Structures are given as structure tokens and as C-alpha cells.
Amino acid sequence: MKISVIGLGYLGATHAVAMAKLGHEVIGIDKDVSKVESLLAGKIPFFEPGLAEALAEVLAQGKVQFQTSHSESSASADLHFLCVGTPQAADGSANTSYLDAAIDDLAPHLSPSAVVVGKSTVPVGTARKLRDRLQEKTGFEPKLVWNPEFLREGTALEDSLKPDRIVVGSFKKEDSFPLLVAYEKLLQAGSPLVELDVPTAELVKVAANAFLATKISFINAMAEIAEVAGADVVALSKAIGYDERIGNKFLRSGIGFGGGCLPKDIRGFISRAEELGVGQALSFLKEIDGINNRRRQRVIELAKQELGELSGQKITVLGVSFKPNSDDLRESPSLEIARSLAQAGAVVTVTDPKALPGLSDSQLSKVSDVDQALRGSELVILGTEWDEYRRLDPLKSKSLVKSATIIDGRNVLDVAAWQSAGWKVIALGRTISND
Ligand code: UDX
């Protein structure tokens with residue numbers, strides 16, 4: 001089938017490549033000339049494992065092309081996927097203006113038989129507004145369906161090619177048929193199809209992210225309790241996770257969640273519920289956000305407890321991306337901690353396997369070599385659990401630092417091994433004796 005993908009960020013670029021891998025003829029469209037040039041040259045403008053290789057493959061097969069605006073060719077697509085961003089506005093709500101602009105650009109090129117497929121994360125009710133806008137601009141009743149995307153950064157391509165569910169919301173059931181044809185291989189491979197009305201499909205995405213954020217903040221609230229009760233949140237998480245009704249996934253305590261989705265999506269969801277007059281239903285999500293932010297503060301407190309006055313103290317932060325296998329710095333808990341420490345006067349060195357090129361912050365010293373970053377450090381903070389840092393040799397690392405104290409912000413280190421190499425280990429939600 002012929003497909004256009006509008007918006008080539010994390011979601012759109014991955015979706016374009018995935019659709020081409022499924023054998024479709026794909027045209028990716030983005031107004032950002034540098035993004036389009038980069039993709040045409042086979043370069044993904046962000047780090048995502050496996051995506052560059054897959055892009056090279058589909059470019060070589062002539063399955064995908066990229067352009068900065070609609071053309072005769074993209075106008076003949078059977079499906080137009082809307083993948084533009086919905087960033088957080090100043091008041092916490094989701095800014096849907098890029099979707100409006102995408103609709104306005106598409107309208108003059110849309111054929112009545114083509115289906116517009118929304119994938120962006122939106123406040124419930126957005127799809128109807130977009131459909132009405134499209135109808136007004138085209139003068140015909142457009143086919144619009146909603147198909148939220150659940151891919152995770154770090155495993156984006158795999159998630160797109162083996163989705164754990166395909167959710168499709170439609171105003172008229174038959175409008176979704178071409179989409180199901182496009183996804184035939186995924187459905188045949190066993191991905192379950194969930195067919196819904198449009199508002200429910202819109203809600204599935206924000207509800208899923210709100211639930212995931214809640215799980216993480218729940219375990220981090222337990223960490224707060226464990227810290228004062230002399231308990232161990234890692235053991236607690238494991239113990240409750242054996243209960244299949246709870247499950248052991250997304251119960252990793254630490255400095256909390258960040259990224260381009262979870263923080264913004266819960267705030268957007270709260271804002272939408274308030275608009276709809278049911279703000280109380282989601283008031284607990286404000287606490288989820290609050291718990292998340294308190295964990296970052298806790299690391300600052302622990303650093304102060306350890307070093308006293310932070311001014312002039314040399315601190316090394318391992319990892320600044322919001323999670324491993326990504327170079328995304330948006331809402332990164334680790335980066336926010338590094339910045340707060342620097343603002344308090346500490347001399348902060350940050351290191352990261354992938355995210356340093358995208359970081360411009362004059363207060364932080366960027367060092368790509370981890371040994372170099374550790375040299376002379378008076379406090380080390382593990383902020384992002386890249387494999388490189390999990391596998392660090394504690395003995396060698398000790399020989400590099402000035403003072404062997406580490407705060408494990410992700411509860412991933414082998415505490416006994418680090419202690420026996422002479423380190424003082426401090427972890428969130430754990431009572432660790434360093435005597
Ligand atoms: C998320 C959703 O998982 C995905 O389905 C949706 O499409 C987009 O938003 P992503 O932003 O890639 O994906 O990150 P995710 O893997 O969910 O992690 C989010 C944050 O939570 C990270 O900062 C991670 O470090 C943190 N996290 C995750 C924890 O602190 N503890 C956990 O147990 C799991």
C-alpha cells in the first residue's frame with residue numbers, strides 16, 4: 001500500500017521505517033529540512049538501536065522517501081499517518097497546534113477514499129475536532145481513525161513490528177479496513193486487535209501511560225517509607241511483584257520517570273479532566289507527579305548529607321539520558337539532578353554513552369570517557385542505568401575517584417561487590433550499612 005507519514009520525530013521516523021519494512025511504499029513528510037535531509041542520507045537524527053540499519057535497508061530497496069511537504073505522490077497515498085508531536089503547553093495541557101497545522105497542510109491533497117490515521121498522543125476529543133476541521137477544509141466527509149502508538153524508546157522498532165496490541169478507534173467501522181490491511185502481517189503474527197470507538201482509543205494511550213507512571217511513583221512512595229522505616233524497597237518490590245495481579249514490571253524504584261511521554265502525558269491528562277469538569281477523578285495524578293519530583297530532591301539532600309556544603313565539590317553523574325539506550329534528554333531525572341547540583345555550586349561532570357552531543361549546558365562539564373569522568377570525583381551518582389555503568393569495575397573505579405562514595409539512583413548496583421571494593425554505597429529506599 002502507499003502510505004504517508006506526517007511528522008518524523010521518534011514516533012514518525014520509526015513508524016515510517018516500520019511500515020516500509022512491512023513492504024509498503026512510504027513517504028515521510030516533515031517541515032524540518034535538516035531532519036528530511038538527514039533521513040534521506042540514511043541518518044536517524046536521534047539514537048535508537050537498530051533503526052539506522054533498518055532505514056539503510058528500506059532506503060536501498062526504494063521503499064521509503066522523505067520530503068518537506070505534500071506532493072502529487074503523497075496525495076495518492078491510501079493512508080496518511082499523523083505522527084506530529086503534542087508537546088506540553090505552559091499550563092500543563094497538551095498543545096495540539098501541530099496536529100491542526102498537519103490537517104491544514106493535508107486537506108488540499110486528501111482524496112475522499114484515503115484514510116487519515118491519528119497516532120499522536122492527544123487529549124480525548126481531539127480526533128473529532130480534527131475530523132470536523134478536515135471536513136470544513138475539504139468539503140467532504142473524511143475518513144479518520146485513531147490508532148495510538150505504544151512504542152518505547154530504546155526498543156521502538158521492535159515495538160512497532162511486534163506490537164503487544166493494535167488499538168483502532170473509528171467513527172465508522174469500515175473506515176478502519178484499509179489500516180487493518182496495512183497491518184495484516186502484524187495481525188497474522190499474532191498481535192491482538194482491539195477495535196474501539198474513537199474517544200476510548202484516544203483514552204487508551206493516556207490511561208496506559210498514567211498507569212505506568214502510577215506504578216513507578218507507587219514504588220517510589222514505598223521507597224520514601226522504607227527510608228525512614230529501615231526497610232528495603234528493592235526486596236519489597238520483588239516480594240509484591242510475585243503476585244501476578246501486581247506483576248514485577250515497572251516497579252523499579254529510583255530517581256523516577258522522565259522522557260517525552262510519561263511526565264507530559266499525565267499533566268495533559270489532568271488538564272483535560274479538569275476541562276471536562278472531572279478534575280477530581282485524576283487529582284491523584286498530581287501526587288504521582290509530586291512523588292516523582294521528590295525523588296530528584298532526595299538525591300540532592302543525600303548529596304548534601306554526604307558532602308556538607310556542595311559548593312566547589314566535584315560530583316560525577318553517570319548517565320544523563322532519561323533512560324538507557326536512548327539519547328533523549330527530555331525531562332531526564334538524572335540531568336535535572338546534575339543541573340540542581342551545579343546550581344548549588346558543585347563542580348559537576350556528566351558522562352553518557354550517547355546523550356552528550358545533544359546536551360548544551362555551560363554549567364556541566366561533559367566528558368565522554370567514563371574513567372576520565374570519575375577522576376578526582378568526591379561523589380558519584382548513577383543516574384541512568386546504562387549497561388556500561390552497571391558493569392563498571394568497582395576496584396578500578398575506586399582508584400580513579402578522590403572519595404569512594406556512590407549514590408545508586410537506579411538501584412542496580414551489586415552493593416556487596418562495591419562495598420567490598422571499598423565504596424560507601426547509598427541507595428534510594430534502601431537501608432544499607434556501610435560499616
Ligand atoms: C513510555 C511508554 O512506556 C510507551 O508505551 C509510550 O508509547 C511512550 O512512553 P518511554 O517514554 O520510551 O515509553 O519510556 P519508559 O520505558 O516507559 O520509561 C519511562 C521512564 O520511567 C524512564 O525514565 C525510566 O527510567 C522510568 N522507569 C521505568 C522507572 O523509573 N522505573 C520502572 O520500573 C520503569
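FYI, the numbering just counts along the sequence from 1. In this text, all values refer to a predicted model and were calculated from it rather than measured experimentally. Scope of the values below: all heavy atoms of this structure, side chains included, with no hydrogens, waters or symmetry mates. First listed ligand is number 1; within each ligand, the first listed atom is number 1.
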For ligand 1, which atoms have a heavy atom of [X] less than 4.0 angstrom away?
X	answer
E149	7 (O)
L251	33 (O)
L212	3 (O)
E153	12 (O)
L262	1 (C), 9 (O), 19 (C)

Any heavy atom of [X] sitting closer than 4.0 Å to ligand 1?
X	result
G259	no
E331	no
G254	no
R410	yes

#### Entry: Cation over ring face, K354 and F47, 6.0 Å, 45°
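Yes, K354 and F47 form such a contact.
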
### Message
Any salt bridge linking E336 with R339? Criterion: basic side-chain nitrogen under 4.0 Å from a carboxylate oxygen.
### Response
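Salt bridge flag = no for R339 with E336.
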
### N-O pairing of D100 and K129 below 4.0 Å
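Between K129 and D100 there is no salt bridge, as every charged N stays at least 4.0 Å from the carboxylate O atoms.
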
How far is [atom] from its nearest protein heavy atom, and which residue and atom name does that atom have?
atom	result
atom 2 (C) of ligand 1	N209 OD1, 3.6 Å
atom 27 (N) of ligand 1	I216 CD1, 3.4 Å
atom 17 (O) of ligand 1	F250 CZ, 3.2 Å
atom 33 (O) of ligand 1	R252 N, 2.8 Å
atom 23 (O) of ligand 1	F322 O, 2.9 Å
atom 21 (O) of ligand 1	F257 CB, 3.2 Å
atom 5 (O) of ligand 1	F150 O, 2.8 Å

### Task
Report yes if C261 has an N/O atom closer than 3.5 Å to an N/O atom of ligand 1; otherwise report no.
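Between C261 and ligand 1 (N or O atoms, distance only) the closest approach is not under 3.5 Å.
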
### Message
Between S253 and N411, is there a side-chain donor-acceptor contact under 3.5 Å, judged purely by atom types and distance?
### Response
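Yes, because at least one side-chain N or O of N411 sits under 3.5 Å from a partner of the opposite role on S253.
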
### Query
If you measure only the distance, is there a donor-acceptor pair under 3.5 Å linking the side chains of S403 and K424?
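There is no such pair (donor and acceptor under 3.5 Å, judged by atom type) between the side chains of S403 and K424.
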
### Query
What pairs with D232 under salt bridge (charged side-chain N to carboxylate O under 4.0 Å, His left out), at least two apart in sequence or on another chain?
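Only R430 meet the salt bridge (charged side-chain N to carboxylate O under 4.0 Å, His left out) criterion with D232.
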
### Query
Do side-chain atoms of D352 reach the backbone of S321 as a donor and acceptor pair under 3.5 angstrom?
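Answer holds: yes.
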
### Query
Within the distance-only criterion (no hydrogens, no angle test), does the side chain of K119 pair as donor or acceptor with the backbone N or O of F81 below 3.5 angstrom?
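Between the backbone of F81 and the side chain of K119 there is no qualifying donor-acceptor contact (under 3.5 Å).
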
### Task
For ligand 1, note which part of L151 has a heavy atom under 4.0 Å away: side chain, backbone, both or neither.
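Backbone only; the side chain of L151 stays clear of ligand 1.
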
### Query
Is it the side chain (CB and beyond), the backbone, both or neither of K205 that lies under 4.0 Å from ligand 1, heavy atoms counted?
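Contact part for K205 vs ligand 1: side chain (C-beta onward).
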
### Separation between NZ of K143 and CG of L134, rounded to the nearest 0.5 Å
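Taking NZ in K143 and CG in L134, the distance rounds to 13.0 Å.
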
### Message
Looking at every heavy atom in both G12 and V5, which two are closest together, and how far apart are they?
### Response
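For G12 versus V5, the nearest heavy atoms are O-CG1, 3.5 Å.
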
### Task
Please name the pair of heavy atoms, one in L180 and one in L187, separated by the smallest distance, quoted to 0.1 Å.
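Scanning both residues, the minimum pair turns out to be O-CD1, 3.8 Å.
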
### Nearest candidate to atom 18 (O) of ligand 1, where distance is taken over non-hydrogen atoms, out of K264, K323, R152
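Heavy atom nearest to atom 18 (O) of ligand 1 belongs to K323.
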
#### Entry: Reference residue I407; test side chain to side chain contact (heavy atoms under 4.5 Å, CB included); the match among V380, L302, V425, I337
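That would be L302.
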
